[in-house]
Amino acid sequence: MVIEWLQFRVQEDLREQFVQLDEEIWTAALSQYDGFLGKEVWISAEDLTEVVATIRWDSTDSWFSIPDSDLQRIDARFIEAMGDGTFELLDAKAYQVRKFSSSQ
């Protein structure tokens, strides 16, 4: 499993709108692709402008198989709904989930 980790800065008064639209637009769109396993959105209790999204994919290949044109279309729809300049992507990372079986 691979985790896509995205950190955003969002205007404080628009944070809840961002979370709601992210679910309606991004999560709904990504859930249509093979390999999408789920998504969580985290909000900071200390920094009201910080939002982190973690998206679970079954593999890097599944994640990267989404056509760029689809991602651009989804992103344009999200920006139009949120308003340009209301949020900023601060950081993007990828992590592999490692599990080891316990030996007895």
Side-chain angles (χ1 to χ4, degrees):
M1 181 182 348
V2 176
I3 305 294
E4 178 184 2
W5 184 93
L6 305 171
Q7 180 186 29
F8 297 93
R9 177 178 296 125
V10 180
Q11 289 180 13
E12 184 178 328
D13 59 325
L14 298 177
R15 183 176 72 171
E16 291 308 313
Q17 178 182 343
F18 179 92
V19 171
Q20 202 168 35
L21 288 171
D22 179 74
E23 175 70 21
E24 292 172 13
I25 296 171
W26 272 108
T27 305
L30 294 177
S31 69
Q32 303 302 307
Y33 293 94
D34 290 338
F36 176 83
L37 300 177
K39 180 176 177 181
E40 292 180 338
V41 175
W42 305 339
I43 57 173
S44 172
E46 297 170 0
D47 181 353
L48 300 179
T49 68
E50 181 183 22
V51 176
V52 172
T54 60
I55 303 101
R56 294 181 308 282
W57 297 97
D58 69 355
S59 69
T60 303
D61 288 343
S62 294
W63 174 15
F64 290 144
S65 71
I66 301 172
D68 284 340
S69 60
D70 290 4
L71 294 173
Q72 290 171 6
R73 179 183 44 77
I74 299 163
D75 195 44
R77 186 171 164 228
F78 185 76
I79 290 170
E80 182 179 346
M82 268 304 295
D84 196 21
T86 60
F87 67 95
E88 174 185 8
L89 177 63
L90 298 177
D91 202 0
K93 298 178 184 180
Y95 296 91
Q96 288 185 339
V97 176
R98 302 300 281 257
K99 295 183 180 181
F100 299 97
S101 59
S102 58
S103 301
Q104 295 183 339

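Because the structure is predicted, anything quoted here is derived from the model rather than measured.
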Evaluation steps, side chain to side chain contact (heavy atoms under 4.5 Å, CB included), between Val19 and Glu23: CA-CA 6 Å; Val19 171; Glu23 175 70 21; over 6 Å; no
Residues Val52, Val41; criterion side chain to side chain contact (heavy atoms under 4.5 Å, CB included); working and verdict: CA-CA 6 Å; Val52 172; Val41 175; over 6 Å; no
Criterion side-chain hydrogen bond (donor to acceptor under 3.5 Å, both in side chains) on Ser59 and Asp61, from CA distance to verdict: CA-CA 5 Å; Ser59 69; Asp61 288 343; 5.1 Å; no
Verdict with supporting geometry, Lys39 and Asp22, salt bridge (Lys or Arg N to Asp or Glu O under 4.0 Å): CA-CA 10 Å; Lys39 180 176 177 181; Asp22 179 74; 2.7 Å; yes
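Other residues, nucleotides and ligands contribute over 12 non-hydrogen atoms within 6.0 Å of the CD atom of Glu24. Counted within 6.0 Å of CZ on Arg15, heavy atoms from surrounding residues, nucleotides or ligands total more than 12; the atom is thus considered enclosed.
With rounding to the nearest 0.5 Å, the separation of CE in Met1 from NZ in Lys99 is 5.0 Å. Interatomic distance, Leu71 CG to Tyr33 OH, rounded to the nearest 0.5 Å: 6.5 Å. Separation of atoms OG1 (Thr54) and CD (Glu40) is listed at 4.5 Å; rounding is to 0.5 Å.
No side-chain N or O of Trp5 forms a donor-acceptor pair with one of Gln7 less than 3.5 Å apart.
A salt bridge links Lys93 with Asp91; the closest basic N to acidic carboxylate O contact falls under 4.0 Å.
In terms of heavy-atom proximity, Asp47 sits nearest to Ser44 at N-OG, 2.9 Å. Taking all atoms of both residues into account, the shortest heavy-atom contact from Ile25 to Ala81 is CD1-CB, 3.8 Å. The heavy-atom pair separating Asp34 from Ser62 by the smallest distance is O-CB, 3.7 Å. For the pair Ser31 and Phe36, the tightest heavy-atom approach, listed with the atom from each and the gap, is CA-CD2, 3.4 Å.
Note on ring orientation: taking the six-membered ring where Trp is involved, the planes of Trp63 and Trp57 are parallel (angle under 30°, cut-offs 30° and 60°).
In the hydrophobic clustering of this structure, Tyr95 groups with Leu37; members are Ile, Leu, Val, Met, Phe, Trp, Tyr whose side-chain heavy atoms approach within less than 4.5 Å, directly or through other members. Follow the hydrophobic side-chain contacts under 4.5 Å out from Leu21 and you reach Trp26 in the same cluster. Note: the hydrophobic cluster containing Ile66 also contains Leu89 (ILVMFWY, side chain heavy atoms under 4.5 Å, direct or indirect links). No path of Ile, Leu, Val, Met, Phe, Trp and Tyr side chains, each step under 4.5 Å between heavy atoms, connects Val97 with Phe64, placing them in separate hydrophobic clusters.
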